[in-house]
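Beneath this line is the structure, given in structure tokens, with notes to follow.
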Amino acid sequence: MCGIVGAVAERPVNKILVEGLKRLEYRGYDSAGVALCNAGELSSVKAVGKVVNLEQALNESDVKGTTGIAHTRWATHGGVTEANAHPHLSNNQLALVHNGIIENHDKLRTQLKAAGYEFLSDTDTEVMVHTIHQLRQNSDSLLAAVQQAVKLFEGAYGTVIFDKANQDEIIVARSGSPLVIGLGLGENFIASDQLALLAVTRSFIFLEEGDVARVTRETVEIFDANGVAVEREVHESNITQDNSGKGDYRHYMLKEIYEQPVAVRNTLEGRLTDNGVALDAFGSFSDGSNQNKNANDIFKDVKHVQIIACGTSYHSGMVARYWLEQYAGVSCNVEIASEFRYRSSYVHPNSLLVTISQSGETADTLAALRLAKEQGYMASMTICNVAGSSLVRESDLAFMTKAGAEIGVASTKAFTTQLVGLLMLTAAIAQEKGLEQSHIVHAIKTLPNKLEEALGLAESIEDLAEEFADKHHALFLGRGSQYPIAMEGALKLKEISYIHAEAYAAGELKHGPLALIDADMPIIVVAPNNELLEKLKSNVEEVRARGGIIYVFADSDSEFKSDDTMRAVNVNHVDDIIAPVVYTIPLQLLSYYVAVIKGTDVDQPRNLAKSVTVE
Ligand code: G6P
């Protein structure tokens, strides 16, 4: 999704801005632009498509500057055109970039047009720069104009603006879309994600909701939503930006699929005892009465878990429902964040709220967390892959997955490490309630090796993928905790191969989807050997009897055999508890190889973004 980079320095910042945008490319975008100021001269260069197009256009121009802002745009209002790309200018005086959506843009545009402002784009963003320009006419400073303007904006924004008349300062404002200030020596930087700035600094200030800041080469002044000057903590980042590129892998996604045994090992490291879970993995917090609370204070009393997430993270939550109810003796609801945030939900007594997110910045999940914090949950907890992200900062407890930077838009290793975090949460709650949980811990410990074994299936799955290349639809089936894995498999196939795919709980087949079965509809079945296997086999026979072709990923001792209507891929036997994690691997590989055969943009599929910071 949209990315922002800004810099105010003594040296030319062209390269810093372009490098920063490149580091944000993986998030998904469709055009890019930069505005630079040099000796009071404001220039802007934009390009549709990849950042390399912008880089080329910038290199071919003689535009350079010591103050600058840059942006990758993921279109929401207005098509993918140079005119709609950011930065947007007002009267060739102010330049502004924006992440988020201004919901009252129509009303503001009408007023601004009546006041004589000319609009050059179809974006909601352009109203921001003209509004600030208009207010600047009667205010003492750009800072004051921005502070007044944000009161008029409804919606979400992370925005960065400068005035060519005073190029030594940049003003930034955050509400709903993250912004971070990077501190340098005699130069300072701004970005929507610290990853963009790792080449120039490791010291970061995360702006909070409602903050407006004035950033110069030497100083950073921050004001909260009431205009009161505030100090925000400086964080030293220890994130290691993965600079090793794709290595020998053709795509980041394939590299990340293969990194899963290591990512899971890292997520487990130091967090399991011989028979239990080390609870400090979940952190601690101070409650309203300044009492320090640890995870065990919550886990021993919890009776219900409410999980909220989006996309792939939602699927990991769906798996956790099976685990929590079966092994930890608590009830569990799982809901998509965009639904949860707009309805009145019932809060069960002794409920723990759990958000799951690889990015920690998903707008709907964050909004749902903020809403839920008003509703009387015992505590909030996030399972997240990005330290310092909004969800981590705003939740009471946090379990950090250690998947490392995930570049491919389609989530792989972030998902399996979320599952590990949720399995550890299950074991930890069971442990604090005095329930038997050592079998879960022992099963978790086998995971890295079991994932390695599952990766050994790649070659046979690559062969199978050929049969999908000309298909337009696919159906994924699973039962029990494999049903959400079937959903995740279908999502992966949709995301990167653009084949329409649906997932069903296999028991639902005869209630509708059976009508779709014919030789053109591949049916993918995940079939570990558990108490539901015989039921699943009956479902498979229902499909075969109607001419469907089955692709089954089955436990090696479950006796599925390949024939004319069935392709069976044997997966080594694994404990049922960890089977959802292991069976994810063949489905990821299948989607990957189908996408490669179809020639799609595997790492940056069309229309999708890695981090969805707008509603
Ligand atoms: C986007 C990404 C998905 C991700 C979803 C939720 O759609 O492309 O891979 O599952 O957002 O993101 P989160 O960061 O909250 O897990």
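Atoms within a ligand are numbered from 1 in the order they appear, just like the ligands themselves. Keep in mind the model is a prediction, meaning the values are calculated, not measured.
- For Lys50, the NZ atom is densely surrounded, since the number of other residues' heavy atoms within 6.0 Å is greater than 12.
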*Trace of the side-chain hydrogen bond (donor to acceptor under 3.5 Å, both in side chains) decision for Gln358 with Ser411*: CA-CA 8 Å; Gln358 46 89 17; Ser411 187; 5.6 Å; no
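- The protein non-hydrogen atom at the shortest distance from atom 10 (O) of ligand 1 is Thr312 N, 3.0 Å.
- Using a 4.5 Å heavy-atom cutoff, the side chains of Lys402 and Arg271 are in contact.
- Within ligand 1, the atoms closer than 4.0 Å to a non-hydrogen atom of Ser411 are 9 (O), numbered from 1 in the order shown.
- The side chain of Val612, and not its backbone, has at least one atom closer than 4.0 Å to an atom of ligand 1 (non-hydrogen atoms only; side chain from C-beta on).
- The closest side-chain heavy-atom distance from Ser359 to Lys610 is not below 4.5 Å.
- Here the protein heavy atom with the shortest distance to atom 16 (O) of ligand 1 is Ser313 OG, 2.5 Å.
- Looking from atom 1 (C) of ligand 1 to the surrounding protein, the closest heavy atom is Ala609 O, 3.4 Å.
- In terms of protein heavy-atom proximity, atom 14 (O) of ligand 1 is nearest to Ser359 OG, 2.6 Å.
- The shortest contact between atom 5 (C) of ligand 1 and any protein heavy atom is with Cys310 O, 4.1 Å.
- Heavy atoms from other residues, nucleotides or ligands lying under 6.0 Å from CD of Glu269 number 12 at most.
- The residue Glu361 has no part lying near ligand 1, judged by heavy-atom distances below 4.0 Å.
- Gln418 and Ser313 share a donor-acceptor pair across their side chains, judged by distance under 3.5 Å alone.
- Polar contact with ligand 1: absent for Thr365 (N/O pair, distance under 3.5 Å).
- Note on ring orientation: taking the six-membered ring where Trp is involved, the planes of His98 and His86 are parallel (angle under 30°, cut-offs 30° and 60°).
- For His235 and Phe206, the distance between ring centers is under 6.0 angstrom.
- Comparing heavy-atom distances from atom 9 (O) of ligand 1 across Val409, Leu491, Leu366, Thr362 singles out Val409 as nearest.
- Below 3.5 Å of separation, one finds an N or O of Gln358 facing an N or O of ligand 1.
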